[in-house]
2 protein chains.
Amino acid sequence: MRVSTRYSDAIHLLAYLNIYADTKLTSDAIAASIETSPVVVRRLMSKLRQAGLITTTPGTAQPVIAKPLTQISLLSVFYAIEGDKPLLAVDPKTNPDCIVGGNIQTVLKQYYQDAQTAAEARLAKTSLQDVVDNLLVEQAKKDARS
Amino acid sequence: MRVSTRYSDAIHLLAYLNIYADTKLTSDAIAASIETSPVVVRRLMSKLRQAGLITTTPGTAQPVIAKPLTQISLLSVFYAIEGDKPLLAVDPKTNPDCIVGGNIQTVLKQYYQDAQTAAEARLAKTSLQDVVDNLLVEQAKKDARS
DNA sequence: CTTCCTGTAACTTGTTTGGTTACTACTATT
DNA sequence: AATAGTAGTAACCAAACAAGTTACAGGAAG
């Protein structure tokens with residue numbers, strides 16, 4: 001199931017806002033970092049704003065992260081972008097007049113939920129601060145090599 | 001993205017082969033239970049066969065599950081159908097001349113892998129035998145109500 | 001040898017994602 | 001207040017992909 005890169009791009013965006021906070025944060029500049037279009041960036045920001053993770057002011061290039069980075073987990077970003085979309089989907093339409101088709105949704109739903117909950121627990125453990133810290137560590141490694 | 005139901009349908013298929021082992025297991029009959037087309041069923045069986053989970057003989061309606069159900073986990077079915085496709089995708093193309101764009105793949109890849117590993121550990125805990133058992137329990141509940 | 005079935009390729013359709021264009025509205029500067 | 005720059009958002013387009021359909025070659029079994 002090819003998953004969209006919106007979630008990845010949203011984390012990218014938030015990290016960019018933090019690391020480049022002292023630059024002009026236009027959607028064009030952010031788009032150049034993600035290598036996408038400014039409209040896509042603004043669409044992502046719209047979702048993040050609705051979730052209360054950032055605040056923006058129309059007309060100004062000043063999106064601001066609304067909470068300390070340590071209080072924003074990768075899971076909360078996931079919810080902001082993907083809502084309650086499940087990672088694994090159960091076929092919703094099967095033959096009810098069959099032991100399998102008539103009960104498979106009920107049975108699989110629980111197993112899928114367990115798997116997703118396990119994945120979400122991992123995402124909840126990581127904050128944007130961890131991501132930013134790691135980005136800077138990786139950059140320092142690169143700088144040391146050159 | 002509309003999430004694929006292939007994985008769900010593959011589990012359905014295997015459970016059907018077990019529960020209805022004493023019936024004529026044509027791809028048409030299986031397709032009627034999944035409410036899809038026979039070609040889709042044969043495509044799924046092709047993947048399951050390549051993964052060694054079932055054996056089939058061309059021309060005969062006799063697909064056979066190749067191992068005891070207790071030895072087939074939901075994870076092995078996932079691998080059979082989806083291969084190594086990740087549940088979460090990292091944007092592969094970002095601006096390398098940027099602290100974020102140049103390092104985000106390295107950083108996110110690890111977090112995503114951790115989350116996926118956690119989900120897979122849950123899927124590995126459940127066998128097809130568990131699924132079949134649960135299907136029969138659910139069916140018994142239905143029968144009791146009517 | 002006829003019938004039923006599998007295996008697979010090729011094509012079609014519907015959905016989703018991401019990119020593009022275009023427009024309105026807001027902010028700041030002069 | 002006029003202007004330049006930017007956000008917000010709708011509408012549309014193109015590419016990717018899943019799943020359904022058609023078609024057909026070939027195996028199995030009576």
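Model, not experiment: these values are computed from the prediction. In the text below, chain A, chain B and the rest are named by the order of the sequence lines, each starting its count at 1.
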(request) Tell me what B:K24 touches on the nucleic acid: a base, only sugar-phosphate, or nothing, going by heavy atoms under 4.0 Å. (result) sugar-phosphate
(request) Round to the nearest Å and state the distance from B:L44 atom CG to D:dA19 atom P. (result) 9 Å
(request) Take atom CD of B:Q62 and atom P of D:dG27, then tell me their distance rounded to the nearest Å. (result) 17 Å
(message) From CG of B:L48 over to P of C:dT6, roughly how many Å is that when rounded to an integer?
(response) 14 Å
(message) Looking only at the side chain of B:T60 (C-beta and beyond, no hydrogens), which of the listed nucleotides D:dA28, D:dA19, C:dG7 gets closest?
(response) D:dA28
(message) Can you tell me if A:K93 touches the phosphate of D:dG20, counting only side-chain N or O atoms and a distance under 4.0 Å to OP1 or OP2?
(response) no
(message) Using a 3.5 Å distance criterion without hydrogens, assess whether the side chain of A:Y7 forms a donor-acceptor pair with backbone atoms of A:L74.
(response) yes
(request) Considering just the side-chain nitrogens and oxygens of A:S4, establish if one lies under 4.0 Å of OP1 or OP2 belonging to C:dG18. (result) yes
(request) Check whether any side-chain heavy atom of A:V100 lies under 4.5 Å from a side-chain heavy atom of A:N95, and answer yes or no. (result) no
(message) If only side-chain N and O atoms count, and only distance matters, is there a donor-acceptor pair under 3.5 Å linking A:N103 with B:Q139?
(response) yes
(request) Round to the nearest Å and state the distance from A:R43 atom CZ to D:dT6 atom P. (result) 20 Å
(message) On the nucleotide D:dA19, are OP1 or OP2 found under 4.0 Å from the side-chain N or O atoms that B:R6 carries?
(response) yes
(message) Taking only side-chain N and O atoms of B:T26, does any of them lie within less than 4.0 angstrom of OP1 or OP2 on C:dC4?
(response) no
(request) Run the numbers on A:T94 and A:Q105 for side-chain hydrogen bond (donor to acceptor under 3.5 Å, both in side chains), then give the verdict. (result) CA-CA 9 Å; A:T94 57; A:Q105 285 92 358; 3.1 Å; yes
(request) Check every atom of D:dG8, C:dT6, D:dA7 against the side chain of A:R49 and return the nucleotide holding the closest atom. (result) D:dG8
(message) Nearest whole Å is fine: how far is C:dT6 P from B:L13 CG?
(response) 11 Å
(request) From the options C:dC26, C:dG7, D:dA18, select the nucleotide whose nearest atom is closest to the side chain of A:P58. (result) C:dC26
(request) State whether a side-chain donor-acceptor pair under 3.5 Å links A:N134 with B:Y111. (result) yes
(request) Report which part of the nucleic acid A:S37 touches: base, sugar-phosphate, or nothing (heavy-atom distance under 4.0 Å, all strands). (result) base
(request) Select base, sugar-phosphate, or nothing to describe what B:L25 touches, counting heavy atoms under 4.0 Å on all strands. (result) sugar-phosphate
(request) Report yes if a side-chain nitrogen or oxygen of B:S27 is closer than 4.0 Å to either non-bridging phosphate oxygen (OP1 or OP2) of C:dT6; otherwise report no. (result) yes
(request) From the options D:dA18, D:dA10, C:dG7, select the nucleotide whose nearest atom is closest to the side chain of B:M45. (result) C:dG7
(message) Side chain of B:R42 only, heavy atoms from C-beta on: which candidate in C:dG19, C:dG7, D:dT9 is closest?
(response) C:dG7
(request) Write down the distance between CD (B:E35) and P (D:dT21), rounded to a whole number of angstrom. (result) 12 Å
(request) Report yes if the side chains of A:I65 and A:L53 come closer than 4.5 Å at any heavy-atom pair, otherwise no. (result) no
(request) Look at A:T5 and C:dG18 and indicate whether a side-chain polar atom (N or O) is within less than 4.0 Å of OP1 or OP2. (result) yes
(message) What is the separation between atom CD1 on B:I30 and atom P on C:dC4, rounded to the nearest whole Å?
(response) 18 Å
(message) Counting only side-chain heavy atoms from C-beta out, which of C:dG19, C:dT6, D:dT9 sits nearest to B:T56?
(response) C:dT6
